[in-house]
Amino acid sequence: RMGSSIFSYLMGYEDPRLSVYFLPMDGNASYGVEAFDGKTYQAVPAGHANAQNDIYKSCSKPNIQSGTPTYWLRASEVYFLRAEAALVWEGFGSADSWYKQGIDMSFQENGVTDPVDDYMNSNLSPRAYVFSHYQYGQTLSAPCETTAKFEGTTEQKLEKIMIQKWIALFPNGQEAWTEWRRTGYPKLNQVQTNRGQGVTREGGIRRMVYPVSFYQSAEDRANYEEALKLLGGLDKDKATTQLWWDCKNKIY
């Protein structure tokens, strides 16, 4: 089902990709939220502890059909990569221009014809997540107050690039998770119930641990131990260990 973080960004920005990415709610549950397109959507908070009941079954499903293609790399992602490069180094063109082209290309990739200038120049920002239910109701603050306008400091512009890249990456969750770990953006709602071993709600999972099958034979064990040395030691096969590229903000 739709997650509360992408709910906050798409609903807050009145993003025309909302109905492309997600289906309206099943039925007319009272805890749905009417969006700017007149349809009702609802999301599920991350790491909730209510999996034993059916409360979230009617929440918005991803709009993915049997014939929906998957993508490893889309043109919009390349534009955002170029925007980030231009933000940091000379000779890579205009970060502003690449940023706009990234959003525009994502619109095109998803069949959206809304004017990209209207989207970029609005003062809209992510909204709070509200789940109005008599027993499981809750409200989560908006992850940030960042608009889509490409203005501010270099760091603020980086956040805008990464927010729009994250939105454009849907439903490529692996790549979105990687970019969040690498840059710290976009800001996301924290998990509600943390059941990770050593993992914090702020830092989240930084890597997947190696499966047992990776060190069953003597040869596999030698390769496994060599890999752990590259991670920093034999005790580093943890979900909290940051990889070499995950170095902007050392959390652990």
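For the single chain, residues carry numbers from 1 onward in sequence order.
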State the [atom1]-[atom2] distance between [X] and [Y], to the nearest 0.5 angstrom.
X      : Y      : atom1 : atom2 : result
Arg201 : Asn189 : CZ    : CG    : 10.0 Å
Met105 : Phe80  : CE    : CZ    : 10.5 Å
Asp220 : Ser213 : CG    : OG    : 8.0 Å
Leu169 : Gln164 : CG    : CD    : 11.0 Å
Asp54  : Tyr56  : CG    : OH    : 12.0 Å
Ser141 : Arg127 : OG    : CZ    : 12.5 Å

I'd like to know if [Y] and [X] are part of one continuous hydrophobic network [Ile/Leu/Val/Met/Phe/Trp/Tyr, side-chain heavy atoms within less than 4.5 Å].
X      : Y      : result
Val33  : Leu23  : no
Phe107 : Leu18  : yes
Leu234 : Trp244 : yes
Met25  : Phe22  : yes
Val199 : Met208 : yes

Side chains of [X] and [Y]: do they bring a donor and an acceptor to under 3.5 Å?
X      : Y      : answer
Gln192 : Asn194 : no
Ser97  : Gln101 : yes
Asn123 : Thr147 : no
Glu109 : Ser76  : yes
Asp114 : Tyr119 : no
Arg17  : Ser106 : yes
Thr146 : Glu159 : yes

Q: Decide if the gap between the ring center of Tyr136 and the ring center of His48 is smaller than 6.0 angstrom.
A: no
Q. Which of these, Lys160, Lys157, Arg182, sits in a salt bridge (charged side-chain N to carboxylate O under 4.0 Å, His left out) with Glu84?
A. Arg182
Looking at side-chain heavy atoms only, is the closest gap between [X] and [Y] below 4.5 Å?
X      : Y      : value
Asn63  : Ser19  : no
Leu81  : Lys165 : yes
Pro62  : Phe170 : yes
Leu231 : Leu243 : yes
Tyr9   : Lys187 : yes
Gln216 : Arg221 : no
Gln190 : Glu202 : yes
Lys100 : Phe150 : no

Given 3.5 Å as the limit, does a donor-acceptor pair link the side chain of [X] with the main chain of [Y], or not?
X      : Y      : answer
Tyr21  : Ile167 : yes
Asp237 : Tyr210 : yes
Asn110 : Val112 : no
Trp177 : Ile205 : yes
Arg206 : Gly203 : yes
Trp98  : Phe92  : yes
Thr241 : Lys236 : yes
Ser60  : Ala43  : no

Q | Derivation of the side chain to side chain contact (heavy atoms under 4.5 Å, CB included) call for Thr178 and Trp245 | A | CA-CA 10 Å; Thr178 300; Trp245 46 263; 3.6 Å; yes
(Q) Quick one, Arg1 with Lys61, criterion side chain to side chain contact (heavy atoms under 4.5 Å, CB included). Give me CA distance, side-chain angles, the key distance, then yes/no. (A) CA-CA 5 Å; Arg1 302 296 192 269; Lys61 299 175 183 178; 3.7 Å; yes
Taking all non-hydrogen atoms of both residues into account, name the closest pair between [X] and [Y] and its distance.
X      : Y      : value
Tyr31  : Ser132 : CB-O, 2.8 Å
Leu87  : Ala95  : N-CB, 3.9 Å
Phe7   : Ala128 : CE2-O, 3.9 Å
Gly198 : Thr240 : O-CG2, 3.3 Å
Ala142 : Pro126 : CB-O, 3.4 Å

Q) Are the charged groups of Lys229 and Glu225 less than 4.0 angstrom apart, N to O? A) no
Q. Can Asp246 and Arg181 be counted as an ion pair, charged N to O under 4.0 angstrom?
A. no
**Q.** Hydrophobic cluster partners of Ile64 (side-chain heavy atoms under 4.5 Å)
**A.** none
Q: Anything under 30° is parallel, anything over 60° is perpendicular, the rest tilted; go ahead and classify Tyr224 against Tyr215.
A: tilted
**Q.** Step-by-step side chain to side chain contact (heavy atoms under 4.5 Å, CB included) determination, Val44 to Phe131
**A.** CA-CA 9 Å; Val44 180; Phe131 192 84; over 6 Å; no
Q.
Show, in sequence, the C-alpha distance, side-chain angles and deciding distance for Tyr129 and Gln42, and conclude whether the side chain to side chain contact (heavy atoms under 4.5 Å, CB included) test is met.
A. CA-CA 9 Å; Tyr129 165 77; Gln42 188 49 275; 3.2 Å; yes
Q. Is the CD atom of Gln197 crowded by more than 12 outside heavy atoms at less than 6.0 Å?
A. no
Q) Given Ile161, which of Tyr185, Trp166, Tyr79, Tyr99 fulfils the side chain to side chain contact (heavy atoms under 4.5 Å, CB included) condition? A) Tyr99
Q. Please walk me through it: do Asn223 and Glu219 pass side chain to side chain donor-acceptor pair (under 3.5 Å)?
A. CA-CA 6 Å; Asn223 291 333; Glu219 181 181 1; 4.6 Å; no
